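Everything quoted here is computed from the prediction, not taken from an experiment. Sequence lines set the chain letters: A, B, ... in the order given, protein chains first and strands last, and positions in each chain run from 1.
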Amino acid sequence: MREARAARELFWADAEARLLDPAVAHVIRDSKTPSGTVPVSSLRGPIITDALYRTFRRRGLRVRFVYTIDDYDPMDSQTMRQNEATREHMGKPFATIPSPDPAYAGDWADYHAGRFVATFADLGIRPEFFRMRDLYRDGKLDRAIDLVLRHAETIRGIHARVANVHHEEGWLPISMICERCGRIGTTIATGYDGETVAYECRPDYVTWADGCGNRGRLSPFKGASKLLWNEQWCAQWDYFGVTYEEGGKDLLTAGGSRERSNEIYRAVWRREPPAGLMHEFFLLGGRKMSTSKGIGASAHDMVALLPGEIIRFLMLRTPPRRALEFDPAGNTLPKLYDEYDRCADEYLRDPETDLAKAWWLAQLSADAQPIAFRLRFSLLADWLQIPSVDPHREARARKGSSLSELEDRELRRRLDVARSWLERWAPDEATFGIATDLPPLTLTDPQRAYLRGVAKLVGVIADPEAMQEELYEAAKRVGLVTPEGKVSKDAFAALYSALIGKPNGPRAGWLLTALDAPFVRKRLEDAAAA
RNA sequence: GGGCCAGUAGCUCAGCGGUAGAGCAGGGGACUCUUAAUCCCUUUGUCGUGGGUUCGAAUCCCUCCUGGCUCACCA
């Protein structure tokens, strides 16, 4: 009873660790097909896998983390077909398609995989990388190819039964690379004799690419062919000895691709397929995204913009099986930071709670500790908008002493993110920029007189403190005082309304002296006349 | 049609067996060596529906409703 309850309440990563036998060595694997620019959403898999890897190790398991670049797969994306430059390459392996930028990488696959994998370093993900083209060309998968060809009938039956895909008799579960046109997605192979197979590059074999009609007979080994998706998956499991592999729900759903591969693995390789949880998708933003300016939805843009811990935290604080809706617009980032800080506090209180583990797994290294003094993201965003505030000085004042090196670094990074946020994502109510046009106003006569009086000071008094002093005096002169003789709120409210469109704001003396004097004078006079 | 997930305060969500919570929004107040957007106080809930288990259910089990996503070609 107690046992059952403990199991149910286990943190997701710990629950997965329990599936693995501590007596044997393990391999956890993830992969990516470099078909084009990779969106942020694709980072959820690698980050979850890395979190599991870290958890497994912490719990004393012996484990390797293997990452494969599936760059021998054929180009089949419809968007590439619409593109004039890439149309002729439909059906070829990504590894043999020209690079969009030869200065950066030699071919299509290396270009896109390179840009994606480059983000891993900033995210603290350090797997062993393998390119499928190397495995094929070096003959590492030849044993698997031979195995698959000899069991073609079994595999054909599984495809028919589990996936309801019916291949013609004699069909072999590999794709030969056509010697004439270089396409791999358009060929059908038959007649394995133990050394060679016959193939035909058919014009109408698939809808997304046109074969050239060539026929031939070739050895399928040493990179001349590629296993089909499901069988290649099995071959990778077998070659690396994979014991754990999580995946997205597009693949892991019932009757889906993973189930097919599992069945083939059991039937042909006679091994038990890896365990692995299913993760839900990461959804980016609402419909208004497209109209927003310059929102970087690609993985490398996002990683350039946000610190690695924050991206990891974003991906990990929501349990994998739950969908993750993310839109950087609005108050998402301030809330994300608040939650991050809350989890850091939890970690200091009790590192074994779920929230604490989310924080720990978000860190780039396993031995990171929360920093003692930090400032709320939303507060920093406010500071950045107030001319009189120097965030670094203000931070020292808050702390009561100078910041440590780590604290200072964290402050700078938060300020950077806050600047980006204010610039492109912050909602109107979080910003208090100067209104570009005169805001709608309802002012009393004394307030109008006050604005006219202040307008005369602008450009004359340059010192913010002196200006602040004079603002009070000017208010008294026009009678904007309370019955107790104090300066009324209405005085400052008039100023803020005219400049910001809200009844309050940053200290007025600093605000007025920081802005362009002729602009302020005109604005105040316009407001007084309105 | 199969599968996964969600439905808790106006909004975003946390809680996952022991008297309903947070942030934001809303309301009230404080700050004149001098308005930070700071600080203090505060309202709001048939916890989607109907059953069941239990001394006790937002929490566990089943039914149903609603919404989102995904698979059923290829990779």
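The separation of B:G50 from B:C64, taken at their C1' atoms, amounts to 8 Å, rounded to a whole angstrom. When the C1' atom is compared between B:G7 and B:U46, the two are found 15 Å apart, to the nearest whole Å. Across B:C41 and B:U53, the matching P atoms stand 45 Å from one another, rounded to whole Å. For the C1' atom pair drawn from B:U12 and B:C55, the interatomic distance equals 36 Å after rounding to whole Å. Separation of the C1' atoms belonging to B:C60 and B:C47 is 16 Å when rounded to the nearest angstrom. Rounded to whole Å, the separation between the C1' atoms of B:G10 and B:G27 comes to 14 Å. For the P atoms, the distance from B:A22 to B:C61 is 28 Å, rounded to whole Å. Straight-line distance between the P atoms of B:G23 and B:A14: roughly 16 Å, to the nearest whole Å.
Under the 30°/60° scheme for interplanar angles, the aromatic rings of A:Trp359 and A:Tyr340 are found to be tilted.
Distances were taken from every side-chain heavy atom of A:Val165 (C-beta onward) to each of B:C24, B:G68, B:C74; the shortest belongs to B:C74. Checked against B:A72, B:C5, B:U70, the side chain of A:Asp250 finds its nearest nucleotide in B:U70. In the set B:U70, B:G3, B:U34, B:U70 carries the atom at the smallest distance from any side-chain atom of A:Phe281. For A:Lys335, the listed nucleotide lying nearest its side chain is B:U12; candidates were B:U12, B:A75, B:U38. Nearest nucleotide to the side chain of A:Leu228, out of B:C69, B:A75, B:A14: B:A75.
Atom pair A:His279:NE2 and B:G3:C1' shows a separation of 16 Å (rounding to whole Å applied). Distance, A:Leu324 CG to B:A14 C1': 15 Å, rounded to whole Å. In this structure, the CZ atom of A:Phe326 is 19 Å from the C1' atom of B:G68, given to the nearest Å. Rounded to a whole Å, the CD atom of A:Glu325 is 12 Å from the C1' atom of B:A6. Look at CG on A:Leu379: it is 9 Å from C1' on B:A37, rounded to the nearest Å. The nearest whole Å value for the distance from the NE2 atom in A:His166 to the P atom in B:C73 is 10 Å. Residue A:Glu280 contributes atom CD, which lies 8 Å from atom P of B:C5 at whole-angstrom precision. If you take CD of A:Gln232 and C1' of B:A75, they are 9 Å apart, rounded to a whole angstrom.
The residues A:Arg183 and A:Asp210 are annotated as not salt-bridged, no charged nitrogen and carboxylate oxygen being separated by less than 4.0 angstrom. Ion pairing of A:Arg374 with A:Asp345 is present here, as a side-chain N (NZ or NE/NH1/NH2) and a carboxylate O approach within less than 4.0 Å. A salt bridge links A:Arg133 to A:Asp110: at least one charged side-chain nitrogen sits closer than 4.0 Å to a carboxylate oxygen.
Annotation: the span from A:Leu43 atom CG to A:Lys32 atom NZ amounts to 9.5 Å, rounded to 0.5 Å.
No engagement by A:Ser378 is indicated, since no non-hydrogen atom pair under 4.0 Å with the nucleic acid exists. The residue A:Leu355 sits apart from the nucleic acid: no heavy atom pair falls under 4.0 Å. Counting non-hydrogen atoms under 4.0 angstrom, A:Arg376 reaches the backbone sugars and phosphates but no base.
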Evaluation steps, side chain to side chain contact (heavy atoms under 4.5 Å, CB included), between A:Phe130 and A:Phe240:
CA-CA 11 Å; A:Phe130 295 89; A:Phe240 293 108; 3.6 Å; yes
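Residue A:Arg322 places at least one side-chain N or O under 4.0 Å from the OP1 or OP2 atom of B:A14. Contact check, A:Arg321 against B:C5: a side-chain N or O comes under 4.0 Å of OP1 or OP2.
Applying the salt bridge (charged side-chain N to carboxylate O under 4.0 Å, His left out) test to A:Asp250 and every residue at least two apart in sequence or in another chain returns nothing. For A:Arg258, there are no salt bridge (charged side-chain N to carboxylate O under 4.0 Å, His left out) partners at least two apart in sequence or on another chain.
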Dot-bracket summary - RNA chain B, pairs being Watson-Crick or G-U whose distances fall under 3.5 Å, with | when paired to another strand
((((((((.[[[[.)..(..]]]].(((((.......))))).....[.[[[..)....]]].])))))))....
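Mapping A:Thr253 and A:Ala491 onto RNA chain B via the closest heavy atom, the residue that lands nearer the 5' end is A:Thr253.
Residue A:Lys249 places a side-chain atom within donor-acceptor reach of the base of B:C69, judged by atom type and a 3.5 Å distance cut-off alone.
Put simply, the side chain of A:Thr190 never gets that close to the backbone of A:Trp171: no donor and acceptor are under 3.5 Å apart.
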